[in-house]
Amino acid sequence: MDKDTRETFWKAFQDSPFIMMRLENSNEHAEPMTAQLDRDAHHAIWFFLARDNRIAAGGAAMGQVSTKGHDVFACILGNLVEETDTSIRHKQWNQVVESWFPNGKNDPNVLMLRFDIKDSEVWISDMSMKGKFKMLTGMPIKPGEAGEHATGPV
């Protein structure tokens with residue numbers, strides 16, 4: 001994946017850090033999760049959740065992202081594993097997380113998962129002027145006139 005697409009994705013995801021997560025071998029529906037992001041991390045995001053959450057078992061998973069303004073979309077494939085590094089747990093804990101888990105970060109029911117990203121597909125909707133004109137007039141739009149598309153680890 002090219003650097004510009006990767007940077008555009010992470011900036012948009014930081015502004016709207018919500019992802020629909022689903023375990024790959026589950027019949028359960030995806031559910032919205034708030035991603036905990038770290039600029040120094042490469043190919044990983046984190047989630048705080050209750051131990052009885054439908055994705056708590058971890059394993060192969062897929063996430064779907066649609067950012068504010070619907071300008072970036074992504075499908076992300078990876079593996080969910082329990083984060084055991086307490087320094088990361090403390091670093092990522094914040095008031096928003098605490099509003100969901102009022103007993104605090106040491107509550108034994110609170111689980112932190114790390115989503116190790118293996119692959120992704122990202123679409124950036126940035127329609128060209130020509131593409132916008134074609135859309136408004138009902139003319140066919142070519143893929144390059146609608147934005148960018150890339151695959152690979154983000």
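All residue numbers in this chain count up from 1 along the given sequence.
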Student: Take atom NE2 of His29 as the centre, draw a 6.0 Å sphere, and report whether it contains more than 12 heavy atoms from other residues, nucleotides or ligands.
Tutor: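 No, not enclosed.
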Student: Going through the distances and angles, do Met1 and Ser120 end up as a side-chain contact (heavy atoms from CB on, under 4.5 Å)?
Tutor: CA-CA 9 Å; Met1 180 173 302; Ser120 62; 3.5 Å; yes
Student: Got Glu98 and Lys105 here, is their nearest side-chain heavy-atom distance under 4.5 Å?
Tutor: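 Sidechains of Lys105 and Glu98: no contact.
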Student: Which of these passes side chain to side chain contact (heavy atoms under 4.5 Å, CB included) with Ile88: Thr84, Thr86, Asp85?
Tutor: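 Running side chain to side chain contact (heavy atoms under 4.5 Å, CB included) over Thr84, Thr86, Asp85 with Ile88 returns exactly one hit, Asp85.
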Student: Taking C-beta and beyond as the side chain, do Ile76 and Gln64 meet within less than 4.5 Å on heavy atoms?
Tutor: no
Student: Decide yes or no for His70 and Ser125: does some side-chain heavy atom of the first lie under 4.5 Å from some side-chain heavy atom of the second?
Tutor: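 Not in contact.
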Student: Using side-chain heavy atoms (C-beta onward) and a distance below 4.5 Å, is Val81 in contact with Asp116?
Tutor: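 Yes, at least one pair of side-chain atoms sits under 4.5 Å.
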Student: Does Phe47 form a side-chain contact (heavy atoms from CB on, under 4.5 Å) with Asn53? I'd like the steps, not just the answer.
Tutor: CA-CA 11 Å; Phe47 307 102; Asn53 184 285; over 6 Å; no
Student: Roughly how far, to the nearest 0.5 Å, is the OG1 atom of Thr151 from the CG atom of Asp119?
Tutor: 6.5 Å
Student: Tell me the closest heavy-atom pair linking Ala61 and Met21, and the distance in Å.
Tutor: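 Scanning both residues completely, I find the closest heavy atoms to be CB-CE, 3.9 Å.
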Student: Please work out which of the three classes, parallel, tilted or perpendicular, describes the rings of Trp10 and Phe13, given edges at 30° and 60°.
Tutor: tilted
Student: Could you go step by step and tell me if Asp2 and Arg6 meet the salt bridge (Lys or Arg N to Asp or Glu O under 4.0 Å) rule?
Tutor: CA-CA 6 Å; Asp2 66 271; Arg6 185 177 290 116; over 6 Å; no
Student: Just by modelled atom types, is the Val154 backbone N or O under 3.5 Å from a matching donor or acceptor in the His43 side chain?
Tutor: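 Answer holds: yes.
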Student: How far apart are the C-alpha atoms of Leu80 and Ile55, what are their side-chain angles, what is the distance that settles it, and do they pass the side-chain contact (heavy atoms from CB on, under 4.5 Å) test?
Tutor: CA-CA 8 Å; Leu80 286 166; Ile55 66 169; 4.1 Å; yes
Student: Does Asn79 use its side chain to pair, donor to acceptor, with the backbone of Ala60 at less than 3.5 Å?
Tutor: yes
Student: Please tell me if the side chains of Phe101 and Asn109 come closer than 4.5 Å, counting only heavy atoms from C-beta onward.
Tutor: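 No - every pair of side-chain heavy atoms lies 4.5 Å or more apart.
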Student: Just one of Arg114, Arg89, Arg51 clears the salt bridge (Lys or Arg N to Asp or Glu O under 4.0 Å) bar with Glu82, so which one?
Tutor: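 Only one option passes, and that is Arg51.
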Student: Compare all side-chain heavy atoms of Glu83 with those of Leu111 and state whether any distance is below 4.5 angstrom.
Tutor: no
Student: Between Glu28 and Arg22, what is the shortest heavy-atom contact and its length?
Tutor: O-NE, 3.2 Å
Student: Are Asp4 and Thr8 linked by a side-chain donor-acceptor pair shorter than 3.5 Å?
Tutor: no
Student: For the residue pair Met62 and Cys75, establish whether any side-chain heavy-atom pair is separated by less than 4.5 Å.
Tutor: yes
Student: For a side-chain contact (heavy atoms from CB on, under 4.5 Å) check, start with the C-alpha distance between Ile117 and Leu77, then their side-chain angles and the critical distance, and finish with the verdict.
Tutor: CA-CA 6 Å; Ile117 299 169; Leu77 181 64; over 6 Å; no
Student: Is there a donor-acceptor pair closer than 3.5 Å between any side-chain N or O of Asp38 and the backbone N or O of Gln36?
Tutor: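 Judged by distance alone, no pair lies under 3.5 Å.
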Student: Between Phe48 and Trp93, what is the ring plane arrangement, given parallel below 30°, perpendicular above 60°, and tilted in between?
Tutor: perpendicular
Student: What do the steps show when you test Lys3 against Glu7 for salt bridge (Lys or Arg N to Asp or Glu O under 4.0 Å), and what is the final call?
Tutor: CA-CA 6 Å; Lys3 182 181 176 186; Glu7 288 178 1; 3.8 Å; yes
Student: Are the side chain of Ser66 and the backbone N or O of Phe73 linked by a donor-acceptor pair below 3.5 Å?
Tutor: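 The answer is no, because no donor-acceptor pair under 3.5 Å joins these two groups.
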Student: Without swapping roles, check the side chain of Ser99 against the backbone of Val96 for a donor-acceptor pair under 3.5 Å.
Tutor: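 Judged by distance alone, yes, a pair lies under 3.5 Å.
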Student: Cluster question for you: counting only ILVMFWY and a side-chain heavy-atom cut-off of under 4.5 Å, with indirect links fine, are Trp100 and Met112 together?
Tutor: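 Linked, Trp100 and Met112 end up in one cluster.
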Student: I'd like to check Leu49 versus Leu113 (side-chain heavy atoms, cut-off strictly below 4.5 Å). Are they in contact?
Tutor: yes
Student: Minimum heavy-atom separation for Ala74 and Phe9, please, with both atom names.
Tutor: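 Looks like CB-CE1, 3.6 Å.
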Student: Honestly curious: do Leu23 and Ile19 fall in one hydrophobic cluster under the side-chain, below-4.5 Å linking rule?
Tutor: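 Result: yes, single cluster for both.
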Student: Nearest 0.5 Å, what's the CD-OG1 distance between Glu121 and Thr5?
Tutor: 12.0 Å
